[in-house]
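One structure is given below, encoded as structure tokens.
Hydrogens, waters and symmetry mates are skipped; everything else that's a heavy atom, side chains included, is used. These numbers come from a predicted model, not from an experiment.
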Amino acid sequence: MTFDKITAPSSGEKVQVEQGRCKPTHHPIIPWIEGDGVGADIWKAAHPVFDHAIKLAYGGERKIEWFEVYAGEKAHAMYGESLPKDTLKAIEEYKVAIKGPLTTPVGEGFRSLNVALRQIFDLYACVRPIEYFDQVPAPVRHPEKVDMVVFRENTEDIYLGIEWPSQSKEAKEVIAFLHDKLGVDSILPSSGIGIKPISPERTKRLVRRAIRYAIEQNKPSVTLVHKGNIMKYTEGAFSQWGYELAKEEFANQTITEKDVTEKHNGVVPQGKIVIKDRIADAMFQQALLRPDEYSVIATMNLNGDYLSDALIAQVGGLGLGPGANMNDEIAIFEATHGTAPKHSNLDKINPGSVILSGVMMFEHLGWHEAATLVRKGLQKTISNKTVTYDLERLMTGATLLSCSAFGNAIVENMK
């Protein structure tokens, strides 16, 4: 594989993926994108954490060959564009990548670089695990009850960006079509117009992935979150298609909540995963009042955006929120927060989001020992009350650490 302005490592190997799972590898080449704003700070803190965990877990038997590729502001300076072909080629070639936050260019290019990556590679599943680390300040009484993984459909819903502004020729034509051909007379002529597509094919592959995860990780339930009481043929259909998929492909492993109640006196048969659904607004209340009743969430794009951020707020905020965007071959792990430009180059921000995304990456590679070491190092660092400003200002008796010092403390606390 040749590139225009970057050179791949001379050693290392491509990650091989089969049926959505990485084949065993001891020396993978991993493309990484520093990101914009605080991206440089959090990467300086995260890289030593990753490398030390690998060394501690495997001695010299495993190693990541890091391959820097570019997107956002650094790419624009090098290539004159924010998402160059070199970067896309590298991600497609090596299958697994990790990135910091990216600034979306104003007035040119993609609406969102993150959304562009998802759409270019058809990364249909945004996966965000939300867990509580002991002693992290939280706004709820029992944050330890929050232990959920959100599977958010990435490629449909309003995030496709199919819309036209108020008074535009296109908006007027759509409004006229709806009025003249379909009898819709409730739209004001001055309205902006957007389209919300939801398909059975893309719904089912997302729900399939969520159920497979629940089976592999021994989770008790998968909840389909939707607003189908109002949007019956999009969000309501999402729920219907999700139930259909569970029945068609996982009948031996799953059972509906209704069947548990009506056929089993409310007792879940041993070895069965419960498939249930919740209206989106009710789910937000449930996430606050009864979070321990939910483990895996499958939902559409906008709902998943809201819900995953609300859940991470319950257990410490976006500084500890990991994420990944995946299809059946490619996985891009990422810090889920923004670029926070006012904090850039101050060595201040919490690097936990990208570090925990690295934990997800290790687990994806099958490197569970390294993942466990990072998680334990992070927990001990927090338990020692040696934390970055976002946590320190909310903790009594805490010691304030810089971004890089927090990463160093995690390294020390792996021992």
Item to check | Spacing of I193 atom CD1 and F177 atom CZ [to the nearest 0.5 Å] | outcome: 12.5 Å
Checklist entry - Hey, what's the ring geometry for W32 with W43, parallel, tilted or perpendicular (30° and 60° as the breaks)? => result tilted
Checklist entry - When rounded to the nearest 0.5 angstrom, what distance separates CG in L373 from NZ in K55? => result 13.5 Å
Checklist entry - Are K219 and Y213 in a cation-pi contact, defined as NZ or CZ under 6.0 Å from the six-membered ring centre and within 45° of the axis? => result no
Next on the checklist: Side chains of R393 and L400, heavy atoms from C-beta outward: is any pair under 4.5 Å?
Outcome noted: no
Item to check | Close side-chain approach of Y389 and L401, heavy atoms under 4.5 Å | outcome: no
Item to check | side chain to side chain contact (heavy atoms under 4.5 Å, CB included) partner of P101, chosen from I42, L113, T336 | outcome: I42
Checklist outcome for this item: When rounded to the nearest 0.5 Å, the distance separating CE of M414 from CD of E412 is 10.0 Å
Checklist entry - Can you check side-chain hydrogen bond (donor to acceptor under 3.5 Å, both in side chains) on T386 and T399, steps first, answer last? => result CA-CA 5 Å; T386 49; T399 299; over 6 Å; no
Checklist entry - Honestly, is K85 close enough over Y79, meaning NZ or CZ under 6.0 Å from the six-membered ring centre and within 45° of the axis? => result no
Checklist entry - Counting only heavy atoms not in K385, do more than 12 fall under 6.0 Å of its NZ? => result yes
Next on the checklist: Whether K23 and E18 form a salt bridge (side-chain N of Lys/Arg under 4.0 Å from carboxylate O of Asp/Glu) is what I want to check.
Outcome noted: yes
Checklist entry - Step by step, would you call Y159 with N154 a side-chain contact (heavy atoms from CB on, under 4.5 Å)? => result CA-CA 8 Å; Y159 272 63; N154 257 344; over 6 Å; no
Next on the checklist: For K204, is there an ion pair with E244 - N to carboxylate O distance below 4.0 angstrom?
Outcome noted: yes
Checklist entry - Under a 4.5 Å cut-off applied to non-hydrogen side-chain atoms, are T381 and V387 in contact? => result no
Checklist entry - With no hydrogens and no angle check, do the side chains of E61 and H26 hold a donor and an acceptor under 3.5 Å apart? => result no
Checklist entry - Cation over ring, R278 on Y294, under 6.0 Å and within 45°? => result no
Item to check | Rounded distance [0.5 Å steps], CG in L365 versus OG1 in T25 | outcome: 7.0 Å
Checklist entry - Do H27 and R62 come within less than 4.5 Å of each other through their side chains, counting heavy atoms only? => result no
Checklist entry - In Å, rounded to the nearest 0.5 Å, how long is the span from OG of S199 to CZ of F238? => result 10.5 Å
Next on the checklist: Between D41 and K348, does any NZ, NE, NH1 or NH2 come within less than 4.0 Å of an OD or OE carboxylate oxygen?
Outcome noted: no
Checklist entry - Ion pair present between E334 and R118, side-chain N to carboxylate O less than 4.0 angstrom? => result yes
Checklist entry - Between W367 and Y58, how do the two ring planes meet: parallel, tilted or perpendicular, split at 30° and 60°? => result perpendicular
Checklist entry - Just checking, is any N or O donor in the side chain of S112 or N114 under 3.5 Å from an acceptor N or O on the other one? => result no
Checklist entry - Do N325 and I330 touch side chain to side chain, with heavy atoms closer than 4.5 Å? => result no
Next on the checklist: With rounding to the nearest 0.5 angstrom, report the OG1 to CZ distance, T155 to R152.
Outcome noted: 11.0 Å
Item to check | Salt-bridge criterion met for D259 and K272 (N-O under 4.0 Å) | outcome: no
Next on the checklist: Any carboxylate oxygen within less than 4.0 angstrom of a Lys/Arg side-chain nitrogen, looking at R375 and E131?
Outcome noted: yes
Next on the checklist: Looking at F3, I'd like to know if its CZ atom is crowded, meaning that more than 12 non-hydrogen atoms belonging to other residues, nucleotides or ligands lie closer than 6.0 Å.
Outcome noted: yes
Next on the checklist: Is it the case that the side chains of S404 and D347 hold a donor-acceptor pair, with the cut-off being a distance below 3.5 Å and no angle test?
Outcome noted: yes
Item to check | Pair K169 + E173, salt bridge at N-O below 4.0 Å | outcome: yes
